[in-house]
Amino acid sequence: MGETLLRLRGVQKRYGGVRALRGVDFDVLAGEVHALVGENGAGKSTLIKIVSGAEVADEGTVEIDGAPITGGSTQAAMEAGIATVYQEPHLFGELTVAENVFLGRELRTNGRVDWAAQRTRVGELLAQIGLDPAIGDVRVADLPVAEQQLVSIAKAFAHSAKVLILDEPSAILTDREIEVLFGVVRNLRAAGVGIIYISHRLDELSQISDRVTVMRDGEVVATKPTSELTVRQVAELMVGHALGSATADRPAPTGDPVLAVSGLGRSGAFTGLDLTVRPAEVVALYGLIGSGTDAIARALYGVAPADAGTVRVDGRQVRLHSPQDAAAAGIAMLPGNRKQQGVFANKSIAFNISSAHLRHLAKLGFWFDRRKERSIAEDFLRRIAIKAPDVGTAVGALSGGNQQKVVLARQLVRAPRVLVLEEPTQGVDVGAKEEIHRLVLELADGGSAVLVISTDLPEVLQLADRVLVVRKGAVVREFERGASQADVLAAAAGDEGETAA
Amino acid sequence: TQQNPGGGGGGGGGEDQVSVAFVPKLQGIPYFEAMNTGGQKGAQELGIEWIYRGSSTADPGAQTEIVNSLIQQRVDVLVVAPNDPDSMAPVLQEAADAGIKVMTSDTDAPNSVREAFVNQASPEGVGTALTDALLEAMGGQGKYAIVSCGQTAANLNSWIEVQKRVTAEKYPNAEIVDIVYAGEDEAQSVTMAKDLMNAHPDLTGLVGECTASAPGVAKAVTEAGKIGQVFTVGLGTPQSMKQYLENGSSSAAILWDVEQLGYLTAWAGKQLASGTPFQATNNVNAELSAVTWDESSKELLLGDPLRITTENVDQYDY
Amino acid sequence: MTEIETVPAAERARGEGIAARVLRIALTERVVLLAVLLVVVVVWFRVLGAGGYLVAPYDVRYLGNALESMVPFALLAVAELFVIVSGRGGIDLSVGAIVSLAGMAFGFMVGVWEWPLLPSIVGCIVVGALLGAVNGALVAYVRFPALIATLATYYAYSSLALISNGNAPISTPPVVALHSLTRNVNFPEPLPPVPLHVFTILLPCALLAWVVVSRSTYGRSLYAVGTNDVAAAYATQSVARTRFTAFVMSGLLSGVVAVVTVGQFASARPDAGIVGNGMALPAITVAVLGGVAIQGGIGRVGGVLVAALLVTWLNAGMLLAFPEGAEGSRYQLLALGLVLVLSALLNTVALRRYGRLS
Amino acid sequence: MTSTATTAAAAPTRRRPRVRAIEGQEIALIGVVGLLWVVLSLVTDTFLTTGNLQNILFTVAPIALIGIGMTAVIVTAGIDVSVGSQAAVVMVIVALLVRDSGLPFLPAVAVAVVVGLVLGAVNGLLVAYGGIHPIIVTFGTLNIYRFVSLQIFGTEQVAGVPPTLAPIGGGAEGKLLGVPTAWWLTLVLAAGMWCYMRFWATGRHLYAVGGDAFAARLAGVRVRRRQISAYVLTGACVGLAACILIGSGGLVQQNVGTGLELRVIAAVVIGGTSIIGGRGTVLGTVLGALLVGTVSSAVTLLSWPSELAQLFIGLFILVAVGVDLLRERRRSAR
Ligand SMILES: Nc1ncnc2c1ncn2[C@@H]1O[C@H](COP(=O)(O)OP(=O)(O)OP(=O)(O)O)[C@@H](O)[C@H]1O
Ligand SMILES: Nc1ncnc2c1ncn2[C@@H]1O[C@H](COP(=O)(O)OP(=O)(O)OP(=O)(O)O)[C@@H](O)[C@H]1O
Ligand SMILES: [Mg+2]
Ligand SMILES: [Mg+2]
């Protein structure tokens, strides 16, 4: 491994009252993949934002090749050779793929943008990460999400960087897309690039990283060669205490199905879906992104209604044309995209929890019972350790994991008959993950039916009594508890050669 | 009520001299500025205090606020040129209740408690003068159109009525083909005047009904290069019409001696304050030796409208 | 109202001195900031008056009188609050035009068809609500951007108002009689006489609006939809209906204002709401000054009312401070502009100083 | 933005829409305007006359001209409602200089542009560095600039302005090959801006800023510089437009420019520029202005009551933008 490319010393950052970073030392060497892990809110993204100039450190120094960079200018950081893929992909729907990839650093020949050069270069990049090279001048808004995420990764490779930062790139990638990603990362490492790799999928670390730095509460608790650490050790370092084994073996569920779906379909998304979930049963739908699982979830919740088939809850056939219908039928849903579909960021925890139960919390039909709202919220704050001083806290002030808990709490207020969970623990740390799994199983044990829709295979296998594999909008196979990762993945990926999209 | 020593412009109630406050429709157009000049001149000579306060937009609401501030100021006489006669009536009532003598000038608020209206010229007079001046230029015949301003401006509309009638009665071969409203906006009236000329290729006359559209129609004719083919008259202030009178795009501007109107307003204010009743004909000053007072309608009439042409335009510096 | 709290809880949790806390509240709570400003303005003009710099006493009587011009803008600003809070660039440029058109309808009902008063008032408000509903339908269901839809209806409604009675105002005796709706009511000294409709219209409407926005379930879904409409949909809110209702409320309040203006002017003017700079821009300005965030989801009735009061009394003072010609109404423009920009700057400072989340 | 695509399930890589040279909205507009012109030429024998067309083009020029800047502003998710007051400030200053100090043509134009630049820069700085929402900033400056212009006017309006600026005015001197020079000027600037926003890096950045300013900043786009540049450009356009409005001289009233902002915004949004930013072209704006101009002149030509003009403008806004909405919906449905 080569000389030190990036050196942080005593970096501190405060957001209003929150101390996001408290004196962090951190190095990246040439030709190493340096994994950065930590619970939600540990400070990883903040660290990244400072290195990449999106934020200015309150104290401490950042050096690239021994040259200190003054934060606050993303431009300067890029010129210094830092490329970043941020946690949430930032793309511009109205601009083409090529324009997005080169945004801010267009290829120029004597001042003017060299569109031809960009098109050829973007072609290579897209090919590299397994996308159709021809989509270079397609509007990004016209691409499916998965491809958008890949584009945002292509962006990071567009320029020869000294240090490449990947903040949870795998969070919304499917395993085969991750493989593509790793391939590119390994090439870059070989080329002497220093890579910072942030992820909550600890199992990835051993495959890709050389060193691991664990953060907790804005501090670095350990930096070790990956070879010297087991996944469990890393996890325990992150949460700061020993972990109990999570896998619960639960009694085989019995009784008439709570949720019975037959022949459900939505043109262009999925077809002929049959599935039943019995009381206290957890069923998972597993599929690669674009397989249509998300569409199934939206159909069951009435957001994007199905145009064929029937849904029965406790034997009664229900009409699902809007979330209101779903709620009336006893179906609740934890949406997959926390930021866009989940939280009201600048509103309080109480507001966020009560927002789906306004009628339930109404007196005389219109007067809103704020006392009841408060007591419900405080109850949840106690029951599920949400890290917040009080229920008046704005949800935006919480880290990803805690935000997720709040959104989940919203679904649990009136224990629903059917709970649909879409990517329940995406971008959530191990500690919070355990917590969320516990809550879900609690609900199930109460006799509700739980349908998990996830692209996180270990989670699926751990949580579900049955796994239905979906490909191209149809269920292709069913597995009982205890199936092997390899089998499920193979079923989901289908035969070689076809693109994940 | 509390006094305010030397309150800027010494508005305060009843002390030293009689205070007459005039509220124009809006500020910053030469017409009312000229009235103000005349008013001040009058105040000088008559030894009264003249207050001039208006809004920068012709907005009834804003005008009401201004009047309120003057009531608060306890002026002796309040003179208003109302943007909206109806809405001004109740406000004048409040002023009267506060013991202030109220009158109107330039534009009347008929069904209000005003004790006098200083009328620059009868609608009859203005309407006839405009029509005559234009048709004189047009040779007593042909099609013409009117570019008016605010759709709701009471006195403009009353003049237009007269123009319609006089044209019909006096000039059988003449015809009003269209009436458009350009707001108090010169640029808009230019555009509309051109539209009218395009819409009616045989158009030979245009009337600018207010001080904004009078120069507007003339400018339109100039720019369209139709001087001599299309004749315009308008209710314009001398200086803004000068260049168009000189280049022949405007045949005449119909107006009255606005400064004298201001003077007369000040004089009438003083009369009211001192409770002196008006005579059938009043000798106000050298120029205004015989101002008639109509007891029934409580109107002072300034006299006949002026026809301003290249000859006399330079006599007026507004 | 924790639901529009924007200060990180950690901030409050952290120990801070009294002075610091007061400063923080003054800077982050718009209502407080405005209240302080209001006091400053009143005191300042009192001082000027005492020093003889005003042409007339800036006394309670005058302030009471000034309330008359506050009523329309306060109500329309509240109307804007509804639509702006409803989010996705919500804004209503057509309120002034609605005032004109509904006012003309009112004029016809009272002055021409000679309906009795109450039915006419109800009728006028209904017309306003219907016109608002058109906006609402365009924005919420057809999904026009609010600025565009209401710009279009602004043009359409204004022209309809003018056409309705051939440009002429309606001021038949019954209409003129309506002025009694807005007469002053006297109180024992030292209380000033106050325009009747402050009590009969402004306060009831304001109270109602406050209940709807801050205490009703509708208000909750309004804030939810305005903050994040996708999340609101997932939280079983009917986004479209909530937005639609916001515009109906806006139109309804404009209808109320129509009644007020017809009373004030003692005539139904086809251009009542659009003369001069029109009523929409000032109303939006007051709403924004009152702390309504353009991006939606944030804003309170209280703030808007205080803002309206501030602007009204500031303007009233300006007229006495600058008596010469149009100076007064000119400095009103300057003051309004500066207050708006400076208070917004203060907010930015506050947010940079105390942190604002998302 | 990514959310827009969440509905799009796996679309096969082929049949993906490429970006076209002329957007659907512009085609739609060309259709509407063209149709309107054909109909008017048929039903009136007065529409298709040089005099009338010249008048329409000249009247539209200032709106379209300011629209060029406004398009950039709105594309960056901003808005500038102060253009009317800006125009008033520029016009009074220039008119006074031209009349009282006999300022010749070019210097006058230069002064106008510089004043415009300054007024625009104030808006831009407040938006970029003041962190204030554009609509608030410009509502504020709308009032402040109006105050400034009125103070310069004093109690007078500016009458008897000599025809110094006639070369870009509405008169005979203001024509080139029978077309108003004001319109040539607009076309040239519009063409330049069109290329800039389409092919220049910083031009494309305007769209990024409007799409998501923070993300743009992370990508290294000079967000603030782009914002400021848009408002400054608008100011400059207002400067030129002011010269056109003074044109062959005459009267400059104190109320000049009131309501101008709404007319310009109308033109821009009819032109298919998304009010939430990130989308729009100058070509659309010019067509939008042309549509508005045609409608209002048509009303007079047909000798309909002039207050009908606004009704039709309102309806056309709904039609034009409605077409665009449908197109968008079909696109995102794909
Ligand atoms: N813009 C902000 N304003 C206020 N606080 C913030 C902001 N961004 C982050 N924080 C806080 O700083 C801390 C670190 O946040 P950060 O996003 O770096 O955590 P993270 O390690 O990236 O978490 P995750 O794994 O969920 O992404 C958290 O407590 C978070 O609440
Ligand atoms: N909205 C914002 N909030 C906080 N900081 C910002 C914001 N916009 C920009 N900055 C900071 O100011 C720096 C310069 O601004 P930016 O690069 O976005 O535009 P710019 O044209 O480069 O500004 P300048 O001309 O001042 O450099 C940015 O690198 C960023 O650190
Ligand atoms: Mg993070
Ligand atoms: Mg910079």
Side-chain angles (χ1 to χ4, degrees), chain B residues 26-33 36-37 52 54 56-58 145 147-148 151 177-201 211-212 214-216 218-220 222-226 236-244 246-247 249 318, chain D residues 44-47 49-56 58-60 62 91 146-147 149-150 153-163 166 169-174 244-260 293 296-307 309:
Chain B
L26 79 161
Q27 279 260 343
I29 66 172
Y31 181 86
F32 286 112
E33 298 308 319
N36 181 32
T37 320
Y52 174 66
S56 43
T57 56
V147 179
S148 185
Q151 283 100 336
V177 291
D178 203 350
I179 301 172
V180 298
Y181 301 86
E184 295 285 336
D185 178 345
E186 189 248 8
Q188 180 67 8
S189 54
V190 175
T191 309
M192 287 187 141
K194 287 183 177 174
D195 281 334
L196 286 167
M197 287 187 276
N198 295 323
H200 309 277
T211 54
K219 183 176 181 179
T222 313
E223 289 192 346
K226 294 198 170 175
T237 44
Q239 286 312 309
S240 63
M241 296 304 290
K242 192 161 180 284
Q243 72 196 104
Y244 300 115
E246 282 164 354
N247 76 8
S249 59
Y318 53 86
Chain D
T44 74
D45 49 7
T46 50
F47 179 83
T49 59
T50 42
N52 182 51
L53 297 182
Q54 285 173 342
N55 187 24
I56 292 181
F58 176 73
T59 321
V60 162
M91 283 177 78
R146 181 58 60 177
F147 166 81
S149 71
L150 289 174
F153 269 110
T155 59
E156 299 292 309
Q157 59 189 10
V158 188
V161 179
E173 319 86 318
I244 296 176
L245 289 169
I246 296 175
S248 55
L251 180 62
V252 174
Q253 303 168 280
Q254 295 200 345
N255 67 353
V256 284
T258 38
L260 185 61
S296 26
S297 111
V299 167
T300 319
L301 288 183
L302 300 165
S303 7
W304 289 344
S306 49
E307 52 272 29

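In this text the structure is predicted, and so the values were computed from the model without any measurement.
From B:T57, atom OG1 reaches atom CG of D:N255 across 9.5 Å, with rounding to the nearest 0.5 Å. In this structure, D:T49 OG1 and B:M197 CE are separated by 11.5 Å, a value rounded to the nearest 0.5 Å. Annotation: the span from D:I56 atom CD1 to B:K194 atom NZ amounts to 12.0 Å, rounded to 0.5 Å.
With respect to chain B, the highest number of heavy-atom pairs below 4.5 Å among D:S248, D:G51, D:A159 belongs to D:S248. Comparing D:G171, D:G247, D:G154, D:P305 by how many heavy-atom pairs each has under 4.5 Å with chain B, the most go to D:G171. The most heavy-atom pairs under 4.5 Å with chain B, out of D:N55, D:T300, D:L245, come from D:N55.
Residue B:D178 touches chain D through its side chain alone, counting heavy-atom pairs closer than 4.5 Å. Looking at D:L150, the atoms closer than 4.5 Å to chain B (heavy atoms on both sides) all sit in the side chain, from C-beta outward. For B:Y244, the part lying under 4.5 angstrom from a heavy atom of chain D is the side chain only. With a threshold of 4.5 angstrom between heavy atoms, D:V161 approaches chain B through N, CA, C or O but not through any side-chain atom. For D:I246, the part sitting under 4.5 Å from any heavy atom of chain B is the backbone (N, CA, C, O) and nothing else. Heavy atoms closer than 4.5 Å to chain B are found in both the backbone and the side chain of D:S303. Contact of B:Q243 with chain D is made through the side chain alone, with heavy-atom distances under 4.5 Å. For chain B, the nearby parts of D:N52 are the backbone and the side chain; heavy atoms of each come within less than 4.5 Å.
Exactly one of B:S189, B:P30, B:S240 qualifies for a side chain to side chain contact (heavy atoms under 4.5 Å, CB included) with D:L251. That residue is B:S240.
Looking at B:K219, its side chain does come within 3.5 Å of a backbone N or O of D:G249 through a donor-acceptor pair. Using a distance-only test at 3.5 Å, with no hydrogens or angles considered, no donor-acceptor pair links the side chain of D:Q253 to the main chain of B:A212.
Counting heavy atoms from C-beta on, the side chains of D:Q157 and B:I29 come closer than 4.5 Å.
For D:S297 against B:D195, the heavy-atom pair with the smallest separation is CB-OD1, 3.5 Å.
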